[in-house]
**Q** 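Once you've had a glance at the structure underneath, I'll fire off some questions.
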Amino acid sequence: MKRIFSGAQPTGNVHLGNYLGALRNWVALQREYESFFCIVNLHAITFPQDPKVLAAKTRELARIYLAVGIDPNVSTVFVQSDVAEHTELTWLLNCVARMSELERMTQFKEKARKQQENVGVGVFDYPVLMASDILLYQTDLVPVGEDQKQHLELTRDLAIRFNRDYGQTFAVPEPFIPKIGARIMSLADPAKKMSKSDEESEAGCIMLLDDVDAVRRKFKRAVTDSGTEIRFDESRPAINNLLTIYHLLNDRSAEEIEDHFNGQGYAKLKGELAEVTIEFLKPIQERVRSIDDDKLDAILRQGAEKAEAIARVTLNHAKRNMGLIGARK
Ligand code: TYM
């Protein structure tokens, strides 16, 4: 069986972009692949975090994975820092990665521009940790949103270079980026992606744990384009984004949706979209609340054990190939 690996950071709150771009596909693919879904708390600490909040958000994200439909009897769910191999492989790959290729990462450039000389070493090294996550599991497929594409290309380059220089060690993974939903835009500014780290964009971001009033308010205030027609059209990014969300959440075809809103105004679209979203979020929020703490602990413990057993084999293989094991007679 081929393997999937993916993860999300336990920072801020999980939003519709995370769900539609990534988590939704994890759920859809988990029975076709042997799947590993990680809560990447080591990536989260590349920015300062309140330790108590980080610990709570880590558990909350695990609950959300389960609540959206990740089945712990089928998939392995674990916390990144519970499997030390991730950090150890990062060091080996640091010695294979080049400054120039990490400097080219657009996410790093963005963050470096904002923070200038105070930008952390962890922010710079972030993509190498991500490559380690993926390569440890001999991953075939990585379901992510479009913003992770460049990190995936780096992961492939590092795997290919390591295999060339030290002998076959890692599978070279393919990205899985959905045709629709790979880049959900902010409701407040359709030129920007929906994002949890951008504080100004709270109003443009529907969180999976938002209450009914917040969902209605955010859709009501959503920016629209000039014109009045309601149809899928990439040259009108605001309406296109709202229609994409509608399409993915209630599984109606683009044609049906356009027919349905034919001759209607934007207020009708926003109102219906809010109700569709509320209906979609309700059972997820109920499941998040109902998962018992002990059960969650057991899932994460078993997940870490299973992940570690596989990660250990790959790490030892990489160390042996680099001459790090066998030096002692
Ligand atoms: P993170 O936590 O920022 O986001 C989790 C997933 O959500 C996707 N995503 C979006 N998709 C569509 N529209 C949006 N507006 C949107 N915003 C976010 C992201 O593409 C991602 O798939 N570096 C990763 C976490 C990571 C990882 C990994 C992923 C660490 N190691 C190994 C895959 C494999 C990140 O920051 O995701």
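Predicted model, so just to flag it, every value in this text is computed and none were measured. For ligands, and for the atoms within them, numbers begin at 1 and follow the listed sequence.
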**Q** Is ligand 1 less than 4.0 angstrom away from at least one heavy atom of Y126?
**A** yes
**Q** Regarding ligand 1, does D147 bring an N or O atom to under 3.5 Å of one of the ligand's N or O atoms?
**A** yes
**Q** For ligand 1, is there an atom lying under 4.0 Å from some heavy atom of G181?
**A** yes
**Q** So which heavy atom in the protein is nearest atom 31 (N) of ligand 1, and how far is it from that ligand atom?
**A** D133 OD2, 2.7 Å
**Q** State the atoms of ligand 1, each with its element, that fall below the 4.0 Å cut-off from a heavy-atom position in A22.
**A** 6 (C), 7 (O), 22 (O)
**Q** Look at atom 2 (O) of ligand 1 and say which protein heavy atom is nearest, naming residue and atom and giving the distance to 0.1 Å.
**A** Q9 N, 2.8 Å
**Q** For ligand 1, note which part of V40 has a heavy atom under 4.0 Å away: side chain, backbone, both or neither.
**A** side chain
**Q** Tell me the contacting part of A8 for ligand 1: side chain, backbone, both, or neither, using a 4.0 Å heavy-atom threshold, strictly below.
**A** both
**Q** By number and element, which atoms of ligand 1 are closer than 4.0 Å to a non-hydrogen atom of V142?
**A** 33 (C), 34 (C)
**Q** Is it the case that one hydrophobic cluster holds both V74 and F36, taking links as side-chain heavy atoms less than 4.5 Å apart, direct or via other members?
**A** no
**Q** Under a plain distance cut-off of 3.5 Å, with no hydrogens placed, do N41 and T58 share a side-chain donor-acceptor pair?
**A** no
**Q** I need the contact type for I134 against ligand 1. Using non-hydrogen atoms and a strict under-4.0 Å cut-off, is it side chain, backbone, both or neither?
**A** side chain
**Q** Where's the contact between M185 and ligand 1, heavy-atom distance under 4.0 Å: side chain, backbone, both or neither?
**A** neither
**Q** Specify side chain, backbone, both or neither for V144, according to which of its non-hydrogen atoms lie closer than 4.0 Å to ligand 1.
**A** both
**Q** Considering the heavy atoms of A182, write down every atom of ligand 1 situated less than 4.0 Å from one of them.
**A** 11 (N), 12 (C), 13 (N)
**Q** What part of H43, side chain, backbone, both or neither, has a heavy atom within less than 4.0 angstrom of ligand 1?
**A** side chain
**Q** Checking K111 against F47: charged group under 6.0 Å from the ring centre and within 45 degrees of the axis?
**A** no
**Q** Establish, from distance only, whether the side-chain atoms of Q30 and D71 form a donor-acceptor pair under 3.5 Å.
**A** no
**Q** Establish, yes or no, whether a centroid distance under 6.0 Å links the rings of F176 and Y33.
**A** no
**Q** Hey, which atoms in ligand 1 end up nearer than 4.0 Å to a heavy atom of G21?
**A** 11 (N), 12 (C)
**Q** Honestly curious: do F170 and V313 fall in one hydrophobic cluster under the side-chain, below-4.5 Å linking rule?
**A** no
**Q** Using the benzene-type ring in the case of Trp, are the ring centres of Y166 and H317 under 6.0 Å apart?
**A** no
**Q** Of R217, K282, K218, which meets salt bridge (charged side-chain N to carboxylate O under 4.0 Å, His left out) against D210?
**A** K218
